[in-house]
Amino acid sequence: MGHDENELEEREEDVEKLEEDVNEMAQKILDYRTTLPDQLKSALASSLVAQRPAFPTHLSHGSEPGPSGCTNPDAEGPIELGRRPSLAQEDHDTAEKTRLLKQKISSNASALPVLLKRMKECISRIESRESCNEFIPPVFKRKKTS
């Protein structure tokens with residue numbers, strides 16, 4: 001019976017050790033759940049700031065050269081070296097560039113059906129020439145893929 005009691009005590013010690021480990025892990029998980037979202041948010045924000053493209057801050061619309069010869073979008077006098085325009089101006093510039101980009105994408109997308117139709121017509125004309133046994137320049141021949 002001494003052997004069974006020793007084995008039972010060892011199991012109880014193992015269970016207690018496992019319970020302590022589980023409690024420690026639960027505490028770590030709780031700590032991670034409370035601190036990790038803020039850490040991820042700040043890491044993501046700093047990563048986005050680091051990857052932010054450097055747009056030129058002086059656009060040709062509405063800017064006039066100041067007395068120092070520098071362009072001045074606010075028309076309040078010369079721009080001091082190292083001074084950045086306000087965030088509102090940067091946001092406005094970014095919004096304008098975004099609007100122009102969306103407009104270009106939209107116009108390109110609306111032109112796609114016409115281009116596709118013309119491409120299909122050209123392909124059909126090339127294929128009709130093939131069927132007539134006419135000479136076709138090698139540029140227009142399709143490469144056979146195996």
Side-chain angles (χ1 to χ4, degrees), residues 1-128 130 136-146:
M1 296 264 185
H3 181 66
D4 289 335
E5 289 176 15
N6 287 338
E7 201 172 298
L8 185 61
E9 287 179 20
E10 287 178 12
R11 286 186 182 172
E12 286 179 7
E13 289 175 7
D14 288 342
V15 167
E16 288 176 10
K17 173 99 169 88
L18 288 173
E19 286 177 353
E20 287 178 28
D21 290 346
V22 167
N23 287 334
E24 287 177 22
M25 291 168 69
Q27 185 61 40
K28 284 182 182 179
I29 290 171
L30 182 62
D31 291 342
Y32 285 141
R33 283 186 176 172
T34 56
T35 60
L36 198 59
D38 292 332
Q39 290 174 351
L40 286 174
K41 182 180 175 183
S42 64
L44 179 63
S46 64
S47 174
L48 289 175
V49 166
Q51 293 177 0
R52 184 177 179 185
F55 291 118
T57 56
H58 307 295
L59 298 176
S60 61
H61 63 79
S63 63
E64 300 173 359
S68 65
C70 297
T71 57
N72 187 1
D74 297 331
E76 296 176 354
I79 293 178
E80 299 171 18
L81 292 179
R83 182 176 161 226
R84 295 190 61 181
S86 68
L87 289 177
Q89 180 66 30
E90 285 182 4
D91 289 344
H92 175 71
D93 293 346
T94 304
E96 180 66 21
K97 288 180 181 182
T98 303
R99 187 189 64 78
L100 288 173
L101 181 62
K102 285 181 180 179
Q103 184 180 6
K104 286 181 183 179
I105 290 172
S106 175
S107 66
N108 287 343
S110 64
L112 281 177
V114 174
L115 291 174
L116 185 62
K117 181 181 175 188
R118 287 183 59 200
M119 234 173 57
K120 286 180 180 180
E121 289 173 357
C122 289
I123 289 172
S124 67
R125 287 198 329 237
I126 290 170
E127 288 174 348
S128 69
E130 282 179 351
I136 300 171
V139 169
F140 297 113
K141 291 188 179 180
R142 292 185 185 175
K143 293 181 181 179
K144 309 248 186 211
T145 59
S146 55

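Sequence positions, counted from 1, serve as the residue numbers for this chain.
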Under 4.0 Å between a Lys/Arg side-chain N and an Asp/Glu carboxylate O for [X] and [Y]?
X: R99; Y: E96; value: yes
X: R11; Y: E7; value: yes
X: K17; Y: D21; value: yes

Rounded to the nearest 0.5 Å, what separation is found between the [atom1] atom of [X] and the [atom2] atom of [Y]?
X: K28; Y: N23; atom1: NZ; atom2: CG; value: 12.5 Å
X: L116; Y: E121; atom1: CG; atom2: CD; value: 10.0 Å
X: L101; Y: Q103; atom1: CG; atom2: CD; value: 10.0 Å
X: E10; Y: N6; atom1: CD; atom2: CG; value: 6.5 Å
X: L115; Y: N108; atom1: CG; atom2: CG; value: 9.0 Å

Open item on the list: Using only atom types and a distance under 3.5 Å, with no angle test, would you say the side chain of S46 pairs donor to acceptor with the backbone of S42?
Closed with: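 Pair found, side chain donor or acceptor close to backbone of S42.
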Open item on the list: Using a 3.5 Å distance criterion without hydrogens, assess whether the side chain of S47 forms a donor-acceptor pair with backbone atoms of A43.
Closed with: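 Side chain of S47 to backbone of A43, a donor-acceptor pair under 3.5 Å: no, none is there.
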TODO: Among D31, L36, I29, T35, find the one that has a side chain to side chain contact (heavy atoms under 4.5 Å, CB included) with R33.
DONE: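 The passing option is I29.
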Open item on the list: Go through it in stages, so that I can follow the logic: the residues are D93 and Q89, the test is side-chain hydrogen bond (donor to acceptor under 3.5 Å, both in side chains), and I'd like the CA-CA distance, side-chain angles, deciding distance and then a yes or no.
Closed with: CA-CA 6 Å; D93 293 346; Q89 180 66 30; 3.0 Å; yes
